[in-house]
Protein chains: 2
Amino acid sequence: MKIKKEVTIYDLAKELNYSPSTISRALNNHKSISKKTIKLIKEAAEEMGYRPNNLAAGLRNNKSNTIGVLISRINRPFMASLISGIEETARKAGYNVLISQSNDKYENEISNCNALYDSRITGLVVSLSMETIDMGHFQKFIDKGIPTVFVDRVPDNFNSYKVVIDNYTAGYSATKHLIEQGCKRIAHFAGAQHRNIYEERKKGYLDALRENGLPIEEDLIIYFKTMSFEEGDKVTKKLLKMKNPPDGIFSANDTAAVSAIMCAKKMGVNVPHELAVIGFNDDPIASIVQPSLSTVSHPAAKMGAISARRILDHSGQNYDTDLSEITVLGTEIIVRDSSLKKVHALESKPSR
Amino acid sequence: MKIKKEVTIYDLAKELNYSPSTISRALNNHKSISKKTIKLIKEAAEEMGYRPNNLAAGLRNNKSNTIGVLISRINRPFMASLISGIEETARKAGYNVLISQSNDKYENEISNCNALYDSRITGLVVSLSMETIDMGHFQKFIDKGIPTVFVDRVPDNFNSYKVVIDNYTAGYSATKHLIEQGCKRIAHFAGAQHRNIYEERKKGYLDALRENGLPIEEDLIIYFKTMSFEEGDKVTKKLLKMKNPPDGIFSANDTAAVSAIMCAKKMGVNVPHELAVIGFNDDPIASIVQPSLSTVSHPAAKMGAISARRILDHSGQNYDTDLSEITVLGTEIIVRDSSLKKVHALESKPSR
DNA sequence: TAAATTTACGCAATCGATTCCGTTGCCTAT
DNA sequence: ATAGGCAACGGAATCGATTGCGTAAATTTA
């Protein structure tokens, strides 16, 4: 098989008797090139099958029109939607998207960071790995003026763009909702407390209990490692076997919440009447499980879009831009069947 | 804020009194550089904060150590796992991954194709958009000897690497399973027939009916547009209102299958006894819905890994390599509750 | 010991696009 | 008629890494 040679602006220049400078300018609609020359050159480029070489342009300009994404795992509904939002926004602006997943390992995060840096990305979007504490590997981006946007799982000791939801209020509202439904002993499935999202959700939970005169029982706060289905199942079983079991659960994610519902059903505990459950994320499984899972919805794709936009907008700015801008998005409590103890004036609309 | 200047191999050369050639060779472990020089240079590079510039290297070598991915949508469980598999394999080999989604639009597929080409990707992994029929936009990759791997949704009139599952056998087995459970009138939720996966699943369905002496009824074959939950709900309602409704459904995806289960339950039709259902993909919702959904499991991450490997392995080969190599992976029927009419010698293990 | 290798490196071109300085020709105002 | 201005384009350096070819010194071989 023969490999076709590439068509460059030099080929175009030779063919059309123009200089490479003019070809380049014409293709970029430079104002000092006449309309008809531009038209002529573009048509010839099209016809000869010319395609720009991003590597060459990137080298010259020292940037690549590429947004780097560094997340824990792609195959989580939230993350997939996040990437989707980034990709959509980036592509509309003519940017590409490089992805990498840390699998929640600190080491991988570092090496991926380097790999993305080596590709001279225009900007970086990060959702921290579970293990990450030290933020040194991100410093080189700041030093080089590469806009870095932390999203969802963000650091609290590092000055950079951030896009988050109001986890505290979400945790508070979710817990409050259970209280309003008549729950008196509400357990909390908590995630690793060094990650902002889990810490704040828990704070919201605690304050909701306090402000509504409910006691805080350490036994009812379960610290998860992975918040997996299996872990949730095990924990729920234990909780429900207590002499004085909880009558409500606020889980920091949907996976564990769903496992709680299914475990309760298996054990003959009625959801929501004996155990009301509310989760977090509004994953697809939330509307499928029965009783359907009440949860907190998370504007994942929107967060991705905003993160990408931060990077795109950063280019036009001067370097005194305030990098510490934080975007906080609202969440929404989605009330479904798993928390609906009171059958009040709620229209009986389908859960989906 | 001051922007730090980058450290290049020229800076290293000046600092260490070597030529840039030697620096470059040392960093690449070239054999003509002595061990101690390599060690010296590498340590200095580390200390001075040198980071290679992929754009420069890529321009020189005319490739970027990047795998391009072109899929319909990222936020589908199958696609997310596919990407995850690609990313993992690519990264281990020191490759980056560029993603793009077509949102099932032919036009987007073309422009994304160009964008990826312009970045001089080393190889391309594609799962075709729903609309794609003409394959012209992929020709430039072939012409340039860029390995292109079609995965899952593949063309049948284009000569290139392919990684697929045996959709025919899967469709056959799924249908056969329903027959073995005693179903006599099995409906099929079919996808767009110009996409191989849906066409073959349907063929498998038809042959299973034929070979087991069941009549084929066109009324029971529903051609979906999007295979969404809503579409599945509507279709199921219609089916179950027939004077002679089906007693089984083989759906070409899980989303529609789950909607069928939920719709049946709402209408008071017992699943599996009055209506057995089997889906396709083994999405997370499959094990959550109740009764849990029997389905065909799809090795998504593995398919991604294999696709990436095709590209990585292609480099070492000469250009007479057979590009038409096709990898066919097996599938597995996951029997859960939605299809289990007969309570036979199956251990009553939990659905998950 | 002279010749033949081998080791360890340097020179300079190269990849393709961009851009800072020009330069040329033509039009306009005085 | 001539200076001034502008439109339209060209020359050549530049971005950073790679590599074929060349060479001096060190080592081995005859």
Side-chain angles (χ1 to χ4, degrees), chain A residues 3-42 44-45 48-66 94 117-122 144 315, chain B residues 3-42 44-45 48-66 94 117-122 144 315:
Chain A
I3 306 294
K4 260 194 204 161
K5 190 77 174 48
E6 281 193 35
V7 179
T8 72
I9 58 171
Y10 295 95
D11 300 324
L12 286 173
K14 207 167 296 173
E15 182 73 19
L16 302 176
N17 272 335
Y18 277 113
S19 77
S21 335
T22 302
I23 305 292
S24 172
R25 291 193 179 101
L27 294 173
N28 290 308
N29 296 315
H30 194 285
K31 57 177 178 291
S32 79
I33 308 293
S34 74
K35 303 288 178 200
K36 29 177 193 220
T37 308
I38 291 186
K39 188 159 177 289
L40 181 80
I41 291 179
K42 284 194 172 176
M48 292 175 63
Y50 169 80
R51 279 272 105 207
N53 186 325
N54 286 346
L55 297 174
L59 171 59
R60 173 61 217 239
N61 300 330
N62 197 33
K63 62 166 189 136
S64 59
N65 276 118
T66 297
Y117 179 89
D118 295 351
S119 289
R120 299 303 187 266
I121 53 174
T122 306
K144 267 222 43 192
S315 307
Chain B
I3 306 293
K4 259 193 204 160
K5 191 75 174 44
E6 278 190 39
V7 180
T8 71
I9 58 170
Y10 294 94
D11 300 325
L12 286 172
K14 208 168 294 175
E15 183 73 18
L16 302 176
N17 271 337
Y18 276 114
S19 77
S21 336
T22 302
I23 305 291
S24 171
R25 291 193 179 101
L27 293 173
N28 290 308
N29 296 313
H30 195 285
K31 58 179 179 293
S32 78
I33 308 293
S34 74
K35 303 287 178 200
K36 32 178 191 225
T37 308
I38 290 185
K39 188 159 177 289
L40 180 79
I41 290 178
K42 282 194 174 177
M48 292 175 64
Y50 168 81
R51 280 271 104 207
N53 186 325
N54 285 345
L55 297 174
L59 171 60
R60 172 63 217 238
N61 300 329
N62 198 33
K63 61 164 190 139
S64 59
N65 275 115
T66 297
Y117 180 88
D118 294 351
S119 289
R120 299 303 186 267
I121 53 175
T122 306
K144 268 224 43 195
S315 308

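The structure places OG of A:Ser119 at 10.5 Å from CZ of B:Arg51, a figure rounded to the nearest 0.5 Å.
Between A:Ala44 and A:Leu16 the shortest heavy-atom distance is CB-CD1, 3.7 Å. Between A:Pro20 and A:Ile9, the shortest heavy-atom distance links the atoms O-CD1, 3.9 Å. A pairwise comparison of heavy atoms in A:Asn62 and A:Lys144 identifies ND2-NZ, 3.4 Å as the closest pair. The shortest heavy-atom contact between B:Leu27 and B:Ala45 is CD2-CB, 4.1 Å. Here the closest non-hydrogen pair linking A:Val7 and A:Met48 is CG2-O, 3.2 Å. Counting all heavy atoms, side chain and backbone alike, A:Ile38 lies closest to A:His30 at CD1-O, 4.0 Å.
At whole-Å resolution of the value, CD1 in B:Ile9 and P in D:dT19 are 11 Å apart. For B:His30 and C:dG10, the NE2 to P distance is 14 Å, given to the nearest whole Å. We find that CG of B:Asn65 is positioned 14 Å from C1' of D:dT18, with the value rounded to whole Å. Residue B:Ile38 contributes atom CD1, which lies 9 Å from atom P of C:dA8 at whole-angstrom precision. Residue B:Lys35 contributes atom NZ, which lies 18 Å from atom P of C:dT6 at whole-angstrom precision. Taking atom CD1 on B:Ile33 and atom P on D:dT19, their separation rounds to 13 Å, with Å as the unit. One atom, CG of A:Asp118, and another, C1' of D:dG16, lie 13 Å apart when rounded to the nearest Å. Taking atom CG on A:Leu12 and atom P on C:dA17, their separation rounds to 8 Å, with Å as the unit.
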> Which is it for B:Asn53 and B:Thr8 under the side-chain contact (heavy atoms from CB on, under 4.5 Å) test, yes or no, and what are the steps along the way?
Replying inline: CA-CA 8 Å; B:Asn53 186 325; B:Thr8 71; over 6 Å; no

> Which is it for B:Ile23 and B:Tyr50 under the side-chain contact (heavy atoms from CB on, under 4.5 Å) test, yes or no, and what are the steps along the way?
Replying inline: CA-CA 11 Å; B:Ile23 305 291; B:Tyr50 168 81; over 6 Å; no

> When you look at A:Glu6 and B:Arg120, which way does the side-chain contact (heavy atoms from CB on, under 4.5 Å) test go after all the steps?
Replying inline: CA-CA 11 Å; A:Glu6 281 193 35; B:Arg120 299 303 186 267; 2.6 Å; yes

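Applying the side chain to side chain contact (heavy atoms under 4.5 Å, CB included) criterion to A:Lys14, with sequence neighbours excluded, gives no partner residue. The side chain to side chain contact (heavy atoms under 4.5 Å, CB included) test applied to B:Thr22 returns B:Tyr18, B:Ser19, B:Ile33, B:Thr37, B:Ile41, not counting sequence neighbours.
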Please enumerate all protein N or O atoms sitting under 3.5 Å from an N or O of nucleotides 4-6 of chain D, with distances to 0.1 Å.
none

Nucleotide N/O of nucleotides 24-26 of chain D paired with protein N/O under 3.5 Å:
none

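Checking side-chain atoms of A:Thr66 against main-chain N and O of A:Ile121 turns up no donor-acceptor pair under 3.5 Å.
The shortest side-chain heavy-atom distance between A:Asn65 and A:Lys63 falls under the 4.5 Å cut-off.
Counting any heavy atom pair closer than 4.0 Å across all strands shown, B:Ser32 reaches a base atom.
Distances shorter than 4.0 Å separate none of the side-chain N or O atoms of A:Ser24 from OP1 or OP2 on C:dT19. Proximity of B:Thr37 to the phosphate of C:dC9: a side-chain N or O atom is located under 4.0 Å from OP1 or OP2.
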>> What does the B/S/- profile of nucleotides 10-15 of chain D look like, 5' to 3', with a 4.0 Å heavy-atom cutoff to protein?
In response: BBBBBB

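Recorded end-axis angle for the helix from C:dT1-D:dA30 to C:dT30-D:dA1 stands at 40°, based on five pairs per end and rounded to 10 degrees.
Positionally, the nearest nucleotide of DNA chain C for B:Lys31 lies more toward the 5' end than for the other of B:Lys31 and A:Val7.
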